[in-house]
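These notes concern the structure reproduced below.
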Amino acid sequence: MKVTINGQLKSFESPLNLYDILEQEELIGMMIAVAQNGTFVPKSEYQATSVNDGDDIEIVAPMQGG
Amino acid sequence: MVLNIGDQILQSRFFLGTAGYPSPDALAQSIEAAKPGLLTVSLRRESKAGKGQDFWNIIKGFNLPVLPNTAGCQGVQEAVTTAEMAREIFETNWIKLEVIGDDYTLQPDPYRLLDAAETLIQKGFEVFPYMTDDLILANRLTDLGCNILMPWGAPIGSGRGLNNPFALKLLRERFADKTLVIDAGIGAPSHAAAAMEMGYDAILLNTAVSKAKDPAGMAKAFSYSIEAGRAAYLSGIIEPQETASASTPLIDKPLWHQQT
């Protein structure tokens, strides 16, 4: 299946949950937050959140801001 | 000069942004010099390179409250989702709510700002709305439950200072029991002092420090001006007069009106 992660289209073996995606992206344990198709997904729900073909995932971290 | 805001006591009325410094060292030195009450931060896409983690390591070392923003958001859902992500990452319900309506002036969209503020307040956020100096917008925001208002002095990064002192004074008079923070447009320490002399509770700025020739030096200058402006406000500034008024007493002046 194809999933867009931070604007980049990527291919994954399905089925996957959000935790699997973050693991493959080497982001587990980092200070991040995630939105799936524009909706926030709490950290406690990564394992239970399935990722589907065509999903749009945003992964963010702290950054400088004014 | 401490400030009670939200559920916290801040040790300074200077809120400093963390973006656009020439180097991480310059950022750290500026924070040291400013001794700010809080630091503003943001969220951006993360990769396995972990840039965001490096930045956070600098910020957390200062042990200051952080105010995450929704910079760059133009839609309500986008702003709400960004705020929710910020709450989880930074472990705070504070959010500087920016919903931009115009790319050239970065003027906030008042209608979407209200919609986003309403949703976020319902979700338990303490909303710090970045807003214009419009009185009716301020009324609507406080009606929704905003305890803090952050009108712009001028467009973000413009350094123009206080474009509309009349409107800003009116907001201060009408919202005497709310926390008012000037956010954006400040260029010189005198601008910050002028806002504090009006009775504003705090100043949020970034570019005036980060783009200064000597950011740490400018941070110190703003720290002085914000403190001076606050002290002046509390001490009671005299009203301007149309005529001169001698400051030196004339009683017992020698040679009083003596003709030569």
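Lettering follows sequence order; numbering is per chain, from 1. No experiment lies behind these values; they were computed from the predicted model shown.
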Which atom names give the shortest non-hydrogen contact between [X] and [Y], and what distance separates them?
X      : Y      : answer
B:I226 : B:M196 : O-CG, 3.8 Å
B:G185 : B:S158 : CA-OG, 4.0 Å
B:C73  : B:A79  : SG-CA, 3.8 Å

CA sep, side-chain torsions, deciding dist, call: B:Q107, B:W152, side chain to side chain contact (heavy atoms under 4.5 Å, CB included): CA-CA 9 Å; B:Q107 182 166 335; B:W152 65 355; 3.6 Å; yes
Proximal component of [X], with respect to chain A [non-hydrogen, under 4.5 Å]:
X     : answer
B:I59 : neither
B:E84 : both
B:E78 : neither

Leading residue by heavy atom contact count with chain A [cutoff under 4.5 Å; candidates B:I58, B:L43, B:L205]: B:L43
If we define contacts as heavy-atom pairs under 4.5 Å, which of B:R87, B:R45, B:E46 has the most with chain A? B:R45
Which of the residues A:M31, A:E25, A:K43 is involved in the greatest number of heavy-atom pairs with chain B at under 4.5 angstrom?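 Answer, by heavy-atom pair count under 4.5 Å with chain B: A:M31.
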Cut-off 4.5 Å, heavy atoms of chain B, and the answer for A:L27 is side chain
Please report the interatomic distance CG(B:L97) to OH(B:Y130), rounded to the nearest 0.5 Å. 12.0 Å
Do A:Q64 and B:N206 get their side chains close enough for a donor-acceptor pair, meaning under 3.5 Å? no
